[in-house]
Structure formats: structure tokens, C-alpha cells
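Below: the structure, in C-alpha cells.
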Amino acid sequence: MSEKIRGVKGTRDVLPIDTYLKDKDPWVRVGHLQLIERTARELFPLYGYREARTPILERTDLFVRGIGQETDIVGKEMYTFDDKGESLTLRPENTASIVRAYLEHNVNQQEPETKWWYLAPMFRRERQQRGRYRQFTQIGVEALGNPGPRIDAEQIELLDRWLRKLGIAFEMHLNTLGDQNCRPNYREALQKYLRSRIDELCADCKKRVETNPIRVLDCKNPGCAEVAAQAPKMEQFLCDACRAHFAGVQETLQRLGVATVIDPRLVRGLDYYTRTAYEAIVPSGLGSQSTVAGGGRYDGLVKELGGPDVPGIGFAAGVERMALLLAQQGKEETVRPVVFFASLGPAEEARADRLAQQLRAAGIAAEVSFRKSNPGNLLKRADALGARFALVLGEQELQTGRAKLKELKTGAQHEVALDDLVRAVKELP
RNA sequence: GUGGCUGUAGCUCAAUGGUAGAGCACUGGACUGUGACUCCAGGUGUUGCCGGUUCAAGCCCGGUCAGCCACCCCA
């Protein structure tokens, strides 16, 4: 007796049926994924973004250098393995890969500004829960070579437009993280402040004070939150250039009519972010998760990965999280056959095969019956498939060359000539 | 990685430590050429897996795996 083989922990199937669901909660539907993807494919090129595809596998060092050794992603969440002496990793995010490809092909020497978008599976070895999976999909954009701030606003407006188009209710949070000039000053001041109140912080934050003090601002622990509320603000430490940049982003967004919430506590977990940071946040529907898309500027990353001093900004959206939100709203597109052929014998089946072929060639979805049965059961089958019309093909129809096209919803029958079926179906309202 | 809850038919769920059930769905028939209604018949199963206690375990105990929820972190 062999054991039934199972999927990998933290991965999930998305199937075009209802009954595989293990729980009552809405789950990702194929139709919603298609809607999200199709909208992106249509919308992103209108903003000048072109699709880029990079490999799922990269050298581990790319992420260590790009994302940062101290981050949770690199420190404990990567799928890393040895490939005959070389360490490889399943990508946990795509920005580092995109920048690697950009540099590898010297794109900066071919065009001063580059706008790419991607749709790609990502892998992070976390404990899964609602809205968080070990394999998940991100749709994102990266704009390289443009120091902003108008590109920042344009990109935020793109995300805003996309989510609105899909009917997702969210709030766009916005913040600035400063840059290499002013962030160290802020970090130092913040650190000094946090050390003075270190007894009030949680155990994790006590460590963060030394490793990554800015993330203490993001802690949900009540004690930490209170300390954070009185902490010095980034805004007081911004250098003139960063201050002007942030003002420019806000001004452009206002001109474009994009509503944002300035959120001083919005920080980013990844080391490479500078200046503009933004997140689309939803009030509910994702369990303890609330971010459906996050983005920001990373002006130091390209250089960090061995390239020239090229600025960049991008966002990544969680496709499954978006699909979960859509599932709670219900609407989904499904493809159903227009004509179902109920054939009563071998000769009729042969004719149905050819008729279905003609309909499909004309762009009309058609399905033939493969099982031998009586008309009653075949009509049941047509109904179960959600077909609009059923056409019973028997001896009589083959002889006369005429058949009745039955509209299943109303029961109305339309007499049609088999030789003229395509035109007849097209002409029906 | 840490903690809590759960695991019985394809799905939703019952069963005091004592013989595994219902609804839905599925297949066929009543209806050898016209579905939705109705009726009848029929698979529905190593009770997640392994071990222990017991005369006896779906039920109690331990382990393990998986799912859910929360922390952490993030999309």
C-alpha cells in the first residue's frame, strides 16, 4: 500500500472547482487571478512599463547583498540549497533580480530610463496563515534611472488606479525614510532616545535598538507603540534634498488627485529603501495581514550590487491577497460552453465533433458529449456545465439536416440547419 | 521559529469507551428522443498517520503530519 502523495507545506492548489475547499472561508479563485493579471497587462503598459521575466533561481549572494543580511527574509526565510558547491536561492522577492538583470545586460547604457513590470512567484519559508503563503505571486513594477519625484507620484497613481479598477477598498499610506545623508543622523537620534527608555520596550525591540532602531516604530506592542509615539520624527531630520523630494511627491500626487495618508510609522523591512515609501493598506479581509501592496525608492541598491549610481523605485503587490479580497466581494468570470451537443450514436458523435470544431473556429465555445446516454441525462449534463444551448443530435437530425437548438434557461427551441449552424448561433441574440 | 485550536464519505457535519451515520454532490433507473421538480437504487470510509492504555478506542494518552488562528515579519 503506497501513501498518497501530498503537496508541500505552505503551498496551495488553485483549482477550477468548488468542492476541494477545506474550509468555508473564501479562497483564491482562478477567475480572480486572471482578472488581476489581465488588468495589470492592460494598464501597466499605458504607463510605459514593459514586462520583464527573470529566473526563479538566483545566486544566494544576490539577496544577501541586495536585501541585507540582517533582514528576516535573508536571515531565516530563504529556500537556499547547495548546487554542487554553489549556493542558490529561490527568489524571495524580485527587485534584486530585476536590478541584477538590468546590470548584467548593461541596460543603463542603452536607455537612460527604464520601466519594467513583472508577474512572478516568490518563495519565503514562513509559517503560513491567511494571506501569507510559502509560495506566493507578486505583480510589481520597477522604474530605474529616474531620480523623481514625479516618477514616484506617477507610480503611486498607477497602483492607486489599478486597485480602484479592481474594486479593492484601501488606503494609500505614504512616508519618507530619508537618504544616506540624513538617515544616519535620524538613526542616531532615535537610537539615543530609545536607549533612554529601553526598559519600556519588548524583548525584540530591545535588540532592534542596536540592529535596526527604525523598525521599533513599527512594533505593535502597546508599550513600544507608546515609546514610538513620542520618538523624534524623521521629518525633523530630513536634509534639504529629501525634504524637497517628499514635498514634490506630495504636490504631484495632489495634482493627480491621489488621496494619501501621511504615516510617519510606515517603515520598510528591506535595507535598500530610501526616501519615498508607500503601502496600500486594507482595513480587513486578510486576517492579521493588512498590506496588499508595498513600494518605495531604492537609490542605493544598484550601486550596492556593483553597478553605477542609478536610482530606482518600485512596488510589489501580493496577487493572492488581492484575490482573497476579490473573493469576499464575490464577482468572478467563468467560461461556459455556448453549445452542448447531445449525440445519441456513433454517427451523430462524428458529426458533433466536426460541428463543434466549426463553432470553436468561429470563436464560440462548444462541448460534445463523450458518454453514451439518453437525451434526458445529456441535458442534465449540459445544464451542469452551464451551457446556453443544447443540441440533441439523433438519427432524425442527421437525415433531415435540421435540428432544434434548445435554450436551457428558457426552454425555447430554435430550429436550425446543421450546415448553417455557425451563422445561426451567431445571429441569436 | 514560538503558542493556541482542529483533523470522520468528494463537500458540510453527527455518533455516552461497546456494530460508522445524515444532508449535499456524484452515477444509474422510473422517462429505449428533451434537463431543473419528484421517487427509487447505488461506491460513498484503513475515522490524517504511528504507537500506548483497555476485554473493547472515531472517542482517553503520547508522538507525528497537515490545516486554521495569533505572535514574528511581510505581498
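Numbers restart at 1 for each chain; the letters A, B, ... are given by sequence-line order, proteins then strands.
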Closest to the A:N374 side chain, choosing from B:rG35, B:rG67, B:rG29: B:rG29

Any strand: nucleotide that pairs with B:rU64 via Watson-Crick or wobble, under 3.5 Å: B:rG48

A:D383, nearest nucleotide to its side chain (from B:rA36, B:rG33, B:rA75): B:rA36

Any donor-acceptor N/O pair, A:R65 side chain to A:E304 backbone, under 3.5 Å: yes

Rounded distance in Å - CZ (A:R388) to P (B:rA36): 21 Å

Short side-chain N/O contact to B:rC65 OP1/OP2 from A:K9, under 4.0 Å: no

Atom pair distance, as rounded to whole Å: CE in A:M78 and P in B:rC74: 15 Å

Who pairs with B:rG10 - Watson-Crick or G-U, where each distance is under 3.5 Å: B:rC24

side-chain N/O A:R127 vs B:rC72 OP1/OP2, d < 4.0 Å: no

Of the listed nucleotides B:rG35, B:rC72, B:rU34, the one nearest the side chain of A:D72: B:rC72

B:rG29 phosphate, OP1 or OP2, under 4.0 Å from A:N377 side-chain N/O: yes

Atom-pair distance (CD on A:E348; C1' on B:rU34), nearest Å: 15 Å

Phosphate OP1/OP2 of B:rC74: any A:R134 side-chain N/O under 4.0 Å: no

Under 3.5 Å donor-acceptor pair, A:E77 side-chain atoms to B:rG1 base atoms: no

Parallel, tilted or perpendicular, as decided by the 30° and 60° cut-offs, for the rings of A:Y186 and A:F237: tilted

Pair assignment for B:rG35, Watson-Crick or G-U wobble, requiring both distances under 3.5 Å: none

Touch class at under 4.0 angstrom, heavy-atom based, for A:K404 against every strand present: nothing

Integer-rounded Å distance: B:rG35 C1' and A:F389 CZ: 16 Å

Base partner of B:rC71, which must satisfy Watson-Crick or wobble distances under 3.5 Å: B:rG1

Rounded interatomic separation in angstrom, taking CD1 from A:I168 and C1' from B:rA75: 12 Å

Closest to the A:L379 side chain, choosing from B:rC69, B:rC72, B:rG35: B:rG35

OP1 or OP2 of B:rA70 under 4.0 Å from side-chain N/O of A:Q129: yes

Strand partner of B:rU19, provided both Watson-Crick or wobble distances fall under 3.5 Å: none

Side-chain N,O (A:K406) to OP1/OP2 (B:rU34) below 4.0 Å: no

Contact under 4.0 Å: A:Q128 side-chain N or O vs B:rG67 OP1/OP2: yes

Sugar-phosphate only, base, or nothing, as touched by A:R124 at under 4.0 Å among non-hydrogen atoms: base

Presence of A:R125 side-chain N/O under 4.0 Å of B:rG1 phosphate oxygens OP1/OP2: yes

Gap between atoms CG and P, on A:L159 and B:rA75 respectively (whole Å): 13 Å

Given B:rA75, B:rC69, B:rG35, the nucleotide with the shortest approach to the side chain of A:K380: B:rG35

